[in-house]
Amino acid sequence: MERDHALELVAVEKRFTRKRGSEVVALAGVSLQVRRGEVVGILGPNGSGKSTLVRVVSTLILPDAGSVRVFGADALRHPRAAQRMMNRVSVEASFFKKLSAWENLMYSAKFYGVTTNEARPRIGDILEGVGFDVKRAHEPMEHLSRGMQQKVALARALLTSPMLMLLDEPTTGLDPRSKKDVQAVIERIRSEHDASILLCTHDMDEAESLCDRVGIMVNGQIVELDEPTALKRRYQKNGRLPNLEEVFMAVTGSSFSDAEERESAEAAA
Amino acid sequence: MHQTLTPRRATWLNELIAAWGFVQRNYYLTKRYFMWELVWFVYSAANAMSIGFIGVGVERSEAGQDVQRLTTFLLIGALLWSYLSMLFDILSETVSWERWEGTIEYTFMSPASRATHLIGTSIYAVIYGIIRTVIMFALISLFFDLELQGANYTSALVVLAIASISLVGFGMVTAVMPLLSPEKGQQVTMIFGSLLLLISGIYYPVDVLPGWMQAIATISPVTYALEGVRGALLDGENVSTLWPSIWPLLVMGAICVPLGLWVFHLGERYAKRTGRLKRSG
């Protein structure tokens, strides 16, 4: 493992057994490296294995095989060493909805050893930094829009100073303005410090604009991984550079929406 | 935007800060759900009082039944059960709650150890439970003529403190149920709690139970907690004379807490292997 790798997955496999006994392959030998300071996007339809991938890295799912290292720390054997260095923002901003943003941030920072005195001055700064109206920090989370809740989720992650950020569809379901705001925060995280980011998304434009490299994930496998421009060049036809949607079609043999429908139908079966 | 915020600290200090985080979280939740807390307080107080009035309503029997003593006996049972069951419930309810809200994933991916997580939550339950019980006791005392002239409050608190440890261990074991299935898990926890209520002699001496139930009562920490606290409050017994109630509680505490942590660890491993930690609700 090279020390300049923020994240290294080698041959990670995960299968889930359904109630009727059949098996679903969620991850089929995934290998991936994220270099320090790099933003790697994983593009895939719903059910392709993106969330399982993020949960395996987050130590929330134990893989059947393979290894996961975060800045050299073995996340499977020594999870707490890896956990100190990362945080995650998922599609659902999970909070105690009756508590305020301030309260949710204050207690959760302590799980990472951040005291009240250390957190208090930072919460305001970070909330402001993510474009959250600080005056609303003491309102219950249930009074906030989804976009605002997602900004608080980003603040929760940033408050613990993670070296590796795991972003699992952070903009899915947001209105266009909130989506732009959240993407701008991700852009700033990327440009203003050396946090490495693994971003899972099914938004082609988001992947292209935010990521240094983009991987295409289907059926639990990363079938392509390269810089967006390199991917486009690889699949160009008649001298015309395709967009990422066309790259996806060329790689998988089906359109993104078809793949999404198929994966969803398989998941429901 | 990003800078190193946390100074490097010894692991034990980080765990202490995290434990305080769990206490703070549950305090915030109590504050936000204050009306519900008030409802439960009134309900529990009314329940204890109604049981106390059963004692008052009993005429002195031919055998010379001491009504004042019986009333005190019943109220101690009701108050202690209110405290111990709350302690026991808070752990499993908090896990259920975390599953419903989806925050359990964020708790589990934090570097705070599971012991810190569960013990931090338990510390809050003990502090809150004691404050609540003391207020309830003071309130109820206004309505009854209790036999507490020779009460040894220090011994009662010692027994209560030791009993709390084993109940926390029991709570950890049952908290694994809602971890695996929030809805069904909560139901199993309630059944477990009601069995403790039945066999532990809350409102009657254990020796009125059938033989097989009395055998089960010997492994319930609530049985010894009640014996000890009643001995201290009704008969003014000190810690050394209460030893027959204290030592089983110490043994159960020494077994139940590590057992609870181990069972919860197994449950967590299973949940992580089968992908059950996703938001439920």
Side-chain angles (χ1 to χ4, degrees), chain A residues 14 16-17 26 51-52 55 58-62 64 79-88 90 92-100 103-104 106-116 118-119 122 125-126 129-130 140 153 156 158-163 166 185 188-189 192-195, chain B residues 1-34 36 94 97-114 116-117 120 268-279 281:
Chain A
K14 184 67 198 172
F16 291 112
T17 308
S51 290
T52 303
R55 283 194 164 84
S58 317
T59 71
L60 294 171
I61 285 180
L62 294 171
D64 300 329
R80 286 168 70 192
Q83 285 163 344
R84 284 190 193 290
M85 295 185 274
M86 61 181 170
N87 213 320
R88 159 177 168 252
S90 62
E92 277 184 347
S94 303
F95 288 103
F96 282 102
K97 300 286 191 300
K98 290 273 181 207
L99 301 190
S100 67
E103 288 168 333
N104 271 293
M106 191 58 95
Y107 86 73
S108 55
K110 289 193 174 63
F111 299 171
Y112 289 77
V114 182
T115 64
T116 300
E118 289 158 354
R122 293 276 294 157
D125 289 350
I126 291 176
V130 298
R156 173 171 58 189
L158 288 171
L159 192 57
T160 63
S161 307
M163 295 158 73
L166 306 168
V185 175
R188 284 179 56 198
I189 296 168
E192 289 180 13
H193 61 83
D194 67 347
Chain B
M1 185 181 286
H2 175 94
Q3 52 188 270
T4 302
L5 170 67
T6 322
R8 284 188 76 82
R9 292 194 178 95
T11 306
W12 68 267
L13 200 51
N14 278 328
E15 294 294 336
L16 211 60
I17 294 166
W20 178 238
F22 288 106
V23 173
Q24 191 177 37
R25 179 192 67 182
N26 281 49
Y27 165 69
Y28 287 149
L29 288 168
T30 302
K31 207 171 66 170
R32 289 282 174 180
Y33 286 90
F34 179 71
W36 270 113
T94 306
W97 210 344
E98 283 207 79
R99 284 294 314 270
W100 291 118
E101 297 278 28
T103 56
I104 196 93
E105 288 201 325
Y106 291 87
T107 303
F108 278 11
M109 62 174 283
S110 80
S113 72
R114 203 55 55 232
T116 300
H117 171 201
E268 183 180 339
R269 296 271 308 174
Y270 177 76
K272 286 181 173 179
R273 236 185 13 254
T274 51
R276 283 171 186 255
L277 293 176
K278 281 168 93 170
R279 186 169 181 271

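Residue numbers begin at 1 in each chain, while the letters A, B, ... track the order of the sequences. Side chains included, hydrogens not; waters and symmetry mates left out as well; all remaining heavy atoms used.
Ranked by heavy-atom pairs shorter than 4.5 Å toward chain A, the options A18(B), A271(B), P111(B) are led by P111(B). The greatest number of non-hydrogen atom pairs below 4.5 Å with chain A, out of A19(B), G120(B), A112(B), G21(B), is found for G21(B). By number of non-hydrogen pairs under 4.5 angstrom with chain B, the leading residue of K14(A), Q83(A), R84(A), M106(A) is Q83(A). Counting heavy-atom pairs closer than 4.5 Å to chain A, the top residue among K31(B), M109(B), E15(B) is M109(B).
The cationic group of R32(B) does not satisfy the cation-pi geometry with F96(A), failing either the under 6.0 Å distance to the six-membered ring centre or the 45° limit from the ring axis.
Of all heavy-atom pairs between R273(B) and F16(A), the closest is O-CE2, 4.1 Å. Counting all heavy atoms, side chain and backbone alike, I17(B) lies closest to V114(A) at CG2-O, 3.8 Å. Contact record, Q24(B) with T116(A): NE2-OG1, 4.2 Å, taken as the closest heavy-atom pair.
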From CA spacing to verdict: side chain to side chain contact (heavy atoms under 4.5 Å, CB included), S108(A), Y106(B): CA-CA 8 Å; S108(A) 55; Y106(B) 291 87; over 6 Å; no
Working for side chain to side chain contact (heavy atoms under 4.5 Å, CB included), residues R55(A) and L277(B): CA-CA 10 Å; R55(A) 283 194 164 84; L277(B) 293 176; over 6 Å; no
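Within 6.0 Å of the CZ atom in R269(B), the count of heavy atoms belonging to other residues, nucleotides or ligands does not exceed 12. Within a 6.0 Å sphere centred on OH of Y33(B), heavy atoms belonging to other residues, nucleotides or ligands number more than 12.
Of the atoms belonging to R276(B), not a single heavy atom falls under 4.5 Å from chain A. Interface remark: N104(A) contributes no atoms to any contact with chain B (heavy atom separation under 4.5 Å). Interface remark: T59(A) contributes backbone and side-chain atoms alike to the contact with chain B (heavy atom separation under 4.5 Å). There is no contact between S51(A) and chain B, counting heavy-atom distances below 4.5 Å. Both the backbone and the side chain of R88(A) come within contact range of chain B, each with at least one heavy atom under 4.5 Å from a heavy atom of that chain. In this structure, chain A has no heavy atom under 4.5 Å from any part of T116(B). When heavy atoms are compared at a cutoff of 4.5 Å, T52(A) does not approach chain B at all. Both the backbone and the side chain of T103(B) have a heavy atom closer than 4.5 Å to some heavy atom of chain A. Interface remark: L29(B) contributes backbone and side-chain atoms alike to the contact with chain A (heavy atom separation under 4.5 Å).
Of the candidates F22(B), W20(B), F108(B), F22(B) is the only one forming a ring pair (Phe, Tyr, Trp, His ring centres under 6.0 Å) with F111(A).
Within the model, atoms OG1 of T115(A) and CZ of R9(B) stand 5.0 Å from one another, a figure rounded to the nearest 0.5 Å.
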